[in-house]
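In what follows, a structure is listed as structure tokens, so that the remarks can point back to it.
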There are 2 protein chains.
Amino acid sequence: MGRIPNAGPEFAVVHLLRAVTVELDLLGGEFAQRNGLHPTDLRALICLLDAARSGTPATPGRLGAQLKLNSAGTTALLDRLERLGLVRRTRDDKDRRRVLLVVQEQAVVLGETFFGPLIGALVGMLRDYAPEEVAVVQRFLGGVAELVAQRRQDG
Amino acid sequence: MGRIPNAGPEFAVVHLLRAVTVELDLLGGEFAQRNGLHPTDLRALICLLDAARSGTPATPGRLGAQLKLNSAGTTALLDRLERLGLVRRTRDDKDRRRVLLVVQEQAVVLGETFFGPLIGALVGMLRDYAPEEVAVVQRFLGGVAELVAQRRQDG
DNA sequence: GCTATTCTCTCGCTCAGCGAGATACTTGCC
DNA sequence: GGCAAGTATCTCGCTGAGCGAGAGAATAGC
């Protein structure tokens with residue numbers, strides 16, 4: 001092909017990064033399928049668990065925006081999650097137009113089943129890294145996240 | 001929450017890694033939509049471009065296996081890609097049961113449009129890193145890819 | 001009170017992907 | 001050679017995720 005230059009450690013990093021995301025996607029997809037849910041459901045669960053952890057109130061609107069679903073798709077998604085007993089809808093008494101999403105215990109367990117071992121393995125791997133090296137990795141990942149987020153904004 | 005321990009630089013790395021994959025997924029999805037194709041189509045394109053680059057002959061069967069699609073889904077995917085002029089099907093004269101997938105110039109251009117700027121930005125970012133630091137990042141990403149791939153095999 | 005707006009849900013639709021099975025070609029065994 | 005078994009791809013009918021349009025319910029601003 002030869003249009004995209006393709007040599008040197010920088011390009012190795014790019015390729016590895018892509019390989020990592022592909023592998024993680026596939027892992028997530030397989031886990032989702034084993035547990036009778038769809039990749040979107042798993043992503044939704046991640047968002048909801050993150051929101052719960054950070055104390056942000058979760059609502060259908062917010063979730064739909066994060067996942068780039070329209071309202072109809074979001075409703076269908078929540079119907080699935082509620083049917084599986086992972087989430088419960090509650091009316092917000094402060095603003096009764098809103099629905100608050102309460103993550104159920106089972107969802108936490110599920111998230112743990114998926115991420116727990118992964119985190120464990122990763123932490124184990126990082127034990128072989130010196131603190132400065134961990135800091136480098138951290139700086140790099142932060143940079144990539146920022147860079148990609150910026151590209152998304154530029155459209 | 002509190003079940004998943006959640007402090008220290010290792011956990012920052014885990015969270016960043018997840019954030020990166022989520023952002024990259026979303027970026028890919030948005031790019032796909034802008035160009036009238038689906039996330040799966042983009043992933044297929046990546047596989048096909050990789051195969052072309054490495055000289056591996058691409059066939060529907062191989063592609064379907066990589067993307068975890070069954071044969072019907074793979075056929076539909078290729079119909080889309082062919083209709084868009086990104087791929088052409090050719091009979092293999094060595095084994096006339098097979099179909100060889102030829103990536104069209106337009107697909108290369110498309111891949112470049114997506115990855116080119118991203119690679120450029122990443123390479124730019126890596127200019128601020130010392131060679132040893134790039135090596136650390138490389139080692140880390142390689143380790144993660146291997147780790148995830150292994151987890152996928154254990155099922 | 002009345003209109004704007006905001007948040008969620010319902011309805012009808014399109015189309016990606018699945019399971020089952022058809023089709024075409026190759027390989028191996030007699 | 002000819003027939004059975006195996007392999008690669010495609011066709012058909014279906015399920016269901018997600019979209020667009022718009023309805024319903026509650027709030028905010030005048």
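Everything numeric here is computed off the predicted structure, so don't read it as measured data. The sequence lines fix the lettering, A, B, ..., with proteins before strands; numbering per chain opens at 1.
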What is the separation between atom [atom1] on [X] and atom [atom2] on [N], rounded to the nearest whole Å?
{"X": "B/Asp93", "N": "C/dC25", "atom1": "CG", "atom2": "C1'", "result": "13 Å"}
{"X": "A/Asp41", "N": "D/dG16", "atom1": "CG", "atom2": "P", "result": "13 Å"}
{"X": "B/Leu69", "N": "D/dA8", "atom1": "CG", "atom2": "P", "result": "17 Å"}
{"X": "B/Lys94", "N": "C/dC25", "atom1": "NZ", "atom2": "P", "result": "17 Å"}
{"X": "A/Arg80", "N": "D/dG16", "atom1": "CZ", "atom2": "P", "result": "11 Å"}
{"X": "A/Leu81", "N": "D/dA17", "atom1": "CG", "atom2": "C1'", "result": "13 Å"}
{"X": "B/Lys68", "N": "C/dA16", "atom1": "NZ", "atom2": "C1'", "result": "18 Å"}
{"X": "B/Gln33", "N": "D/dA17", "atom1": "CD", "atom2": "P", "result": "18 Å"}

**Report entry** Any A/Arg96 side-chain N or O less than 4.0 Å from OP1/OP2 of D/dT27
**Finding:** no
Query raised in the report: Does C/dC18 have OP1 or OP2 sitting under 4.0 Å from an N or O in the side chain of B/Asn70?
Result: yes
Requested in this report: Is it possible for you to say whether A/Phe115 and B/Val22 belong to one hydrophobic cluster, with membership spreading through side-chain heavy-atom contacts below 4.5 Å?
Outcome: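 No; B/Val22 is not reachable from A/Phe115 via cluster members.
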Query - Single-linkage hydrophobic cluster, 4.5 Å side-chain cutoff, A/Leu67 and A/Leu24 together - result: yes
Requested in this report: Identify the heavy atoms of A/Thr74 and A/Leu69 that sit nearest to each other, and give their distance.
Outcome: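 Result for this residue pair: OG1-CB, 3.6 Å.
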Query raised in the report: Residues two or more places apart in sequence or in another chain: which of them pass ring pair (Phe, Tyr, Trp, His ring centres under 6.0 Å) with B/Tyr129?
Result: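 Partners of B/Tyr129 by the ring pair (Phe, Tyr, Trp, His ring centres under 6.0 Å) criterion come out as none, since no residue qualifies.
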Query raised in the report: What is the glycosidic conformation of C/dA4: syn, defined as within 90° of 0, or anti?
Result: syn
Requested in this report: Tell which nucleotide pairs with D/dT9, taking only Watson-Crick or G-U wobble pairs whose two distances are both under 3.5 angstrom.
Outcome: C/dA22
Report task. Quick one: look up who D/dC14 pairs with, Watson-Crick or G-U, both distances under 3.5 Å, and put none if it's unpaired. Result -> C/dG17
Query raised in the report: How would nucleotides 1-11 of chain C be written as a contact map, 5' to 3', with B for base contact, S for sugar-phosphate-only contact and - for no contact, using protein heavy atoms under 4.0 Å?
Result: -----BSSBBB
Query raised in the report: Between A/Met125 and B/Val144, is a side chain to side chain contact (heavy atoms under 4.5 Å, CB included) present by the stated rule, with each step listed?
Result: CA-CA 8 Å; A/Met125 189 183 102; B/Val144 172; 4.0 Å; yes
Query raised in the report: So does B/Glu82 have more than 12 non-hydrogen atoms from other groups sitting under 6.0 Å from CD?
Result: yes
Report task. In plain terms, say whether B/Arg18 and A/Asp50 are close enough for a salt bridge, that is, a side-chain N and a carboxylate O under 4.0 Å apart. Result -> yes
